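These notes are about the structure you will find just below.
Since this is a predicted model, take the numbers as computed values, not measurements. Only this structure's heavy atoms are used, side chains among them; waters, hydrogens and symmetry mates stay out.
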Amino acid sequence: MIHAKNRKTYHVFNFDNFNESGLKSFILLLKKTGSEVSGVTATNRVIKKDGEKTKKATLFFLNGQRAELQIGEKGDVITAKVNGRAAPVKSDTDKLLAKSLHNIFVRGQTAFDKSLAKKLTKIDTDKPNKTPASRTQAARVAELDELIAKAKADLEIAEKKLNSLTSENDSLRGDINQLRDVIAKLKSEIKDLTSQLDKQGVAA
């Protein structure tokens, strides 16, 4: 858990209302720091971890990045992850937590953008392998499922980045048009892969 040296636990969130509605005030704090939330995934479902009741929420931001927070039964932050990696945050109060997350986003934005660019450039090269005649239908279906899932994940990343660019700076026309081309290709790829999957007798 994220505790002070004197073992004090910081009560940042309401455990009983750890969902999009309950996170509204925290989302507003994030917006004030400069990190605007574009979406929230929080089911308010209890998850047992090491015998303790916990809950999780994932926040998606206009800058394309995401943060996952896991809290304990007392509303304290147990773990924080940014873009899937553990992040050291200050969680004494909700204001400090919001500022801490914002600072991590700012420091990591350049690296995140480079990583995103790499993923997007691989879209055209990561095409399905030709299926040998000996491949079973089940193996082909599994391959198509995996390719569709990856294409949809890449599409979500690209669309979030596009929203970020159009919201933050309308002058970035080149980047915006490039992302729109990528999104169009991804949608076409998903349609093509889904068609192939349908031919195998399975709905995507």
Original post:
If every non-hydrogen atom of Glu52 is compared with every non-hydrogen atom of Gly72, which pair is closest and at what distance?
Top reply: OE2-CA, 3.6 Å

**OP:** Report yes if the side chains of Val40 and Phe26 come closer than 4.5 Å at any heavy-atom pair, otherwise no.
**Re:** no

Original post:
If you round to the nearest 0.5 Å, how far is CG of Leu69 from CD1 of Ile78?
Top reply: 11.0 Å

Original post:
Say you draw a straight line from CZ of Arg107 to NE2 of His102; how long is it, rounded to the nearest 0.5 Å?
Top reply: 10.0 Å

Original post:
Does any non-hydrogen side-chain atom of Val106 lie less than 4.5 Å from one of Ile104?
Top reply: no

**OP:** Kindly say whether Gln65 contributes a backbone atom to a donor-acceptor pair with the side chain of Asn63 at under 3.5 angstrom?
**Re:** yes

Subject >> Spacing of Asn14 atom CG and Lys74 atom NZ [to the nearest 0.5 Å] >> reply: 15.0 Å

**OP:** Sequence neighbours left out, what pairs pass salt bridge (Lys or Arg N to Asp or Glu O under 4.0 Å) with at least one residue falling in residues 54-70?
**Re:** Lys56-Glu68

Subject >> Nearest atoms (heavy-atom pairs only) where Ala86 meets Pro88 >> reply: O-CD, 4.2 Å

Original post:
Is there a chain of hydrophobic side chains (I, L, V, M, F, W, Y, each step under 4.5 Å between heavy atoms) that links Phe18 to Val46?
Top reply: yes

**OP:** Quick one: pull up CG in Leu28 and CG in Asp94 and give me the separation to the nearest 0.5 Å.
**Re:** 10.5 Å

Subject >> Considering all heavy atoms, the nearest Phe112-Gly64 contact >> reply: CZ-O, 3.0 Å

**OP:** Output, in order, the C-alpha distance, side-chain angles, deciding distance and verdict of side-chain contact (heavy atoms from CB on, under 4.5 Å) for Leu23 and Leu59.
**Re:** CA-CA 10 Å; Leu23 286 165; Leu59 307 175; 4.3 Å; yes

Original post:
Any sub-3.5 Å donor-acceptor pair from Thr33's side-chain atoms to Lys99's backbone N or O?
Top reply: no

Subject >> For Ser100, side chain to side chain donor-acceptor pair (under 3.5 Å) partners two or more places apart >> reply: none

**OP:** Compare every heavy atom of Phe15 with every heavy atom of Gly75, then report the nearest pair and how far apart it is.
**Re:** N-CB, 4.5 Å

Original post:
Is there a side-chain contact (heavy atoms from CB on, under 4.5 Å) between Asn19 and Asn17 once you walk through the steps?
Top reply: CA-CA 6 Å; Asn19 50 27; Asn17 196 29; 3.1 Å; yes

Original post:
Do Ile27 and Val77 belong to the same hydrophobic cluster, where Ile, Leu, Val, Met, Phe, Trp and Tyr are linked whenever their side-chain heavy atoms lie under 4.5 Å apart, directly or via other members?
Top reply: yes

Original post:
Do Asn44 side-chain atoms and Asp16 backbone N/O form a donor-acceptor pair below 3.5 Å?
Top reply: yes

Original post:
Looking only at heavy atoms, which two atoms of Ala67 and Phe105 are closest? And how far apart?
Top reply: CB-CZ, 4.0 Å

Original post:
Minimum heavy-atom separation for Val12 to Ser91, with atom names?
Top reply: CG2-O, 3.1 Å

Original post:
Rounded to the nearest 0.5 Å, how far apart are NZ of Lys31 and CG of Leu62?
Top reply: 9.0 Å

**OP:** To the nearest 0.5 Å, tell me how far Arg45 CZ sits from Thr54 OG1.
**Re:** 9.0 Å

